[in-house]
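See below for the structure under consideration.
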Protein chains: 2
Amino acid sequence: MATTLRIVEVDKLKTACSTCSLQELCLPAGLSAVELQSVDELIERRRPVKRGDYLFRSGAALHSLYAIRSGFIKSCVLHEDGREQVAGFHMMGDLMGLDAIGTNQHLCDAVALEDSEVCEIPLKDLEGLSRNIPSLQQHFHRIMSREIARDYGVMLLLGSMRAEERLAAFLLNLSQRFSARGYSATEFHLRMTREEIGSYLGLKLETVSRTLSHFQAQGLIAVQNKHLRILSLDNLRELVSQHSCRS
Amino acid sequence: MATTLRIVEVDKLKTACSTCSLQELCLPAGLSAVELQSVDELIERRRPVKRGDYLFRSGAALHSLYAIRSGFIKSCVLHEDGREQVAGFHMMGDLMGLDAIGTNQHLCDAVALEDSEVCEIPLKDLEGLSRNIPSLQQHFHRIMSREIARDYGVMLLLGSMRAEERLAAFLLNLSQRFSARGYSATEFHLRMTREEIGSYLGLKLETVSRTLSHFQAQGLIAVQNKHLRILSLDNLRELVSQHSCRS
DNA sequence: TTTAGAGTTTGACGCAGATCAAAACGGGGG
DNA sequence: CCCCCGTTTTGATCTGCGTCAAACTCTAAA
């Protein structure tokens, strides 16, 4: 009994935003110590999600938003006819479930690409607390807005870029996000399959594979399986901004 | 002098959400009469935007969100290299500027496709008021979330649909939105050019034109210039959900 | 009313990327 | 340790849509 209690306490400690290294990236960015404490109490529980498991499914009722504490999770939009497309790859510090607020129903599946851990944040509580903490409210709005901005970027990518540009943009985006989280900007593990990359970028897996090979041949990157090293960030950037065709 | 005052008053009256027919579609949906009155005071001013004029430009500082009272406005994301893509077509009741909250800078251009009128809503005031009116706060969140959901739909469209499916989905979307605003679901004016449709759908204007002609030949629609009549909503719907290829 | 220019339609042709196919690889479970 | 199956790579071929071009049609200004 005492042991159980202790475990729970350790869990709570681990969950606390106040001691979380992702503070500055995550929901409570920019809050005071006192405010942070209130946010701590928001977090209902920490929840592990095993590789391949669903964090939530399309159609399920919205209970909570989820802040990713560790791991890697993809979200997939589903077309009524069974077609499915990866809508995003999410990593630690990202907030998931924002698309569900409008209808109170999740519109996409969230699947862990590696063993992950998320903090569960009941939406009602978050809304309540943000009424009392203006900077929390503002930051929440900023997070939603940034998701919209991200989507606009993806729309631009899908609507007007050629395969090489899409892939280069994708790699640069991953690089930038890993870097923002304190990891290498030039060397990382791709947690998703070529097919998932393709789905996200509106390409077939063969095209993704071919284009990666092509990049490698040009000396832009070194890929081996899921391990990726960017050899020239600059050249990749050049690739993205040169619009060769599809004006 | 007296005349000027009177005009101002008439303007204010016309701007009031409490007497606006878009109440149920727009920001104040679901508020009580008293709460509505507070929202009325939010609206800084009503602003006319002439056809071809910019409501805001990419890069400009965010001051206000804009609720469209009448007219038709497109938003365009800009790629650094000058490439540009239509990110959305917005009509009365829609709220614009949501993408700018994250950075306090507009990320897209907003251009009126016909003479329009918008209500200017200072973001700070909206945030302040929504702290006191939970249902306003909730509805604002719902609106942002719905924008995210819409974007997911566009991503699905751009990433996995063929030209015919994209255009059919586009027409059905317009139909549904006109219908929700009390207009005909089957007969309306396209306020945008073929090129703008193409930009939104990730297609070239020639493809848009050809596909429309094709639809007409099949008896699905009747187009003449910008006037469009949908002859079979059902057949269009069928077209969207049958995934012929690009799995 | 005429005219200039923007927008639209239609045809011919080419190419980026999809599709089909098959071989090679790799990692997790027995 | 090996086997098996999912993943990846690479090649050959096909095709939907982009590109180029030219004619036609609105609209708005003169």
Side-chain angles (χ1 to χ4, degrees), chain A residues 50-52 74 83 85-86 111 113-115 157-170 189-218 221-228 239 242-247, chain B residues 50-52 74 83 85-86 111 113-115 157-170 189-218 221-228 239 242-247:
Chain A
K50 283 231 171 310
R51 179 171 193 278
K74 71 169 176 180
R83 232 178 311 196
Q85 179 170 352
V86 174
V111 184
L113 296 181
E114 65 181 20
D115 291 357
L157 182 146
L158 291 173
S160 64
M161 288 188 185
R162 18 182 44 275
E164 288 198 352
E165 298 173 301
R166 293 185 199 193
L167 203 54
F170 172 70
H189 222 73
L190 300 169
R191 334 268 154 144
M192 67 297 282
T193 66
R194 303 287 189 262
E195 185 166 23
E196 285 161 337
I197 298 175
S199 172
Y200 180 61
L201 298 178
L203 301 171
K204 296 277 107 179
L205 68 100
E206 293 96 330
T207 306
V208 172
S209 176
R210 264 187 257 273
T211 308
L212 283 176
S213 302
H214 188 217
F215 283 174
Q216 184 153 38
Q218 289 179 294
I221 61 172
V223 245
Q224 185 173 336
N225 238 334
K226 311 221 154 179
H227 184 81
L228 188 127
L239 239 174
Q242 96 198 354
H243 55 134
S244 0
C245 92
R246 300 191 67 165
S247 80
Chain B
K50 282 230 172 310
R51 181 172 193 279
K74 70 169 175 180
R83 234 179 309 196
Q85 180 171 351
V86 174
V111 184
L113 296 180
E114 64 180 21
D115 291 356
L157 180 146
L158 291 173
S160 64
M161 289 189 185
R162 14 182 49 270
E164 287 198 353
E165 297 173 303
R166 293 185 198 192
L167 204 54
F170 172 70
H189 221 72
L190 300 169
R191 333 266 154 144
M192 67 297 281
T193 67
R194 303 288 189 264
E195 184 166 24
E196 285 162 337
I197 296 174
S199 172
Y200 180 62
L201 298 178
L203 301 171
K204 296 276 106 179
L205 67 100
E206 294 95 329
T207 306
V208 173
S209 177
R210 264 187 258 273
T211 308
L212 283 175
S213 301
H214 188 216
F215 282 174
Q216 184 154 38
Q218 289 179 293
I221 62 171
V223 244
Q224 184 173 338
N225 237 336
K226 310 222 150 178
H227 185 82
L228 188 128
L239 239 172
Q242 97 199 356
H243 56 136
S244 0
C245 91
R246 301 191 65 165
S247 80

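Basis for what follows: all heavy atoms, side chains included, without hydrogens, waters or symmetry-related copies. Labels below follow one simple rule: chain letters A, B, ... track the order of the sequence lines, proteins then strands, and each chain is numbered from 1.
In this structure, CD of B:Glu164 is placed 10 Å from P of D:dG16, rounded to the nearest angstrom. Here C:dA18 presents its P atom at 8 Å from CZ of A:Arg166, a figure rounded to the nearest Å. For the pair A:Ile197 CD1 and D:dT7 C1', the computed distance is 12 Å after rounding to whole Å. Taking atom CD of residue B:Glu114 and atom P of nucleotide D:dA28, one finds them 13 Å apart after rounding to whole Å. Taking atom NZ of residue B:Lys226 and atom P of nucleotide D:dC26, one finds them 13 Å apart after rounding to whole Å. One atom, CG of B:Leu201, and another, P of D:dG18, lie 11 Å apart when rounded to the nearest Å. Counting to the nearest Å, the C1' atom of C:dG27 and the CZ atom of A:Arg51 are 10 Å from each other. Atom pair B:His227:NE2 and D:dT27:P shows a separation of 13 Å (rounding to whole Å applied).
Non-hydrogen atoms lying under 4.0 Å from DNA chain C are contributed by B:Ser209, B:Arg210, B:Ser213, all within residues 207-216 of chain B.
Within 6.0 Å of CD in A:Gln216 there are more than 12 heavy atoms belonging to other residues, nucleotides or ligands. By the 6.0 Å contact criterion, CD on A:Glu206 is enclosed, its count of non-hydrogen atoms from other residues, nucleotides or ligands being greater than 12.
You'll find that the side chain of B:Glu206 is closest to D:dT19, out of D:dT19, D:dG16, C:dG7. Proximity note for A:Leu205 (side chain, C-beta onward) versus C:dT8, D:dT8, C:dT10: the nearest is D:dT8. Ranking C:dT19, D:dT19, C:dG7 by closeness to the A:Lys204 side chain, first place goes to C:dT19.
For A:Phe215, there are no ring-ring contact (aromatic ring centres under 6.0 Å, His included) partners at least two apart in sequence or on another chain. The side chain to side chain contact (heavy atoms under 4.5 Å, CB included) test applied to A:Arg191 returns A:Phe72, A:Leu113, A:Glu114, A:Phe178, A:His189, not counting sequence neighbours. Listed by chain and residue number, A:Lys74 satisfy the salt bridge (Lys or Arg N to Asp or Glu O under 4.0 Å) test with A:Glu196 (two or more places apart in sequence, or in another chain). Every residue two or more places apart in sequence or in another chain that forms a side chain to side chain contact (heavy atoms under 4.5 Å, CB included) with A:Asp115 is listed here: A:Lys50, A:Arg51. Checked against side chain to side chain donor-acceptor pair (under 3.5 Å), A:Glu164 has the following partners two or more places apart in sequence or in another chain: A:His214.
Note: B:Leu203 CG to B:Thr211 OG1 = 7.0 Å, rounded to the nearest 0.5 Å. The structure places CZ of A:Arg210 at 9.5 Å from CG of A:Leu205, a figure rounded to the nearest 0.5 Å.
For B:Ser160 against B:Glu165, the heavy-atom pair with the smallest separation is O-OE1, 4.4 Å.
The bend of the helix from C:dT1-D:dA30 to C:dG30-D:dC1, defined by the angle between the axes of its first five and last five pairs, stands at 50° to the nearest 10°.
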> What's the verdict on side chain to side chain contact (heavy atoms under 4.5 Å, CB included) for B:Leu239 and B:Leu167, showing C-alpha distance, side-chain angles and the deciding distance?
Replying inline: CA-CA 10 Å; B:Leu239 239 172; B:Leu167 204 54; over 6 Å; no
Scan nucleotides 22-26 of chain C against the protein and return all N/O pairs shorter than 3.5 Å with their distances rounded to 0.1 Å.
none

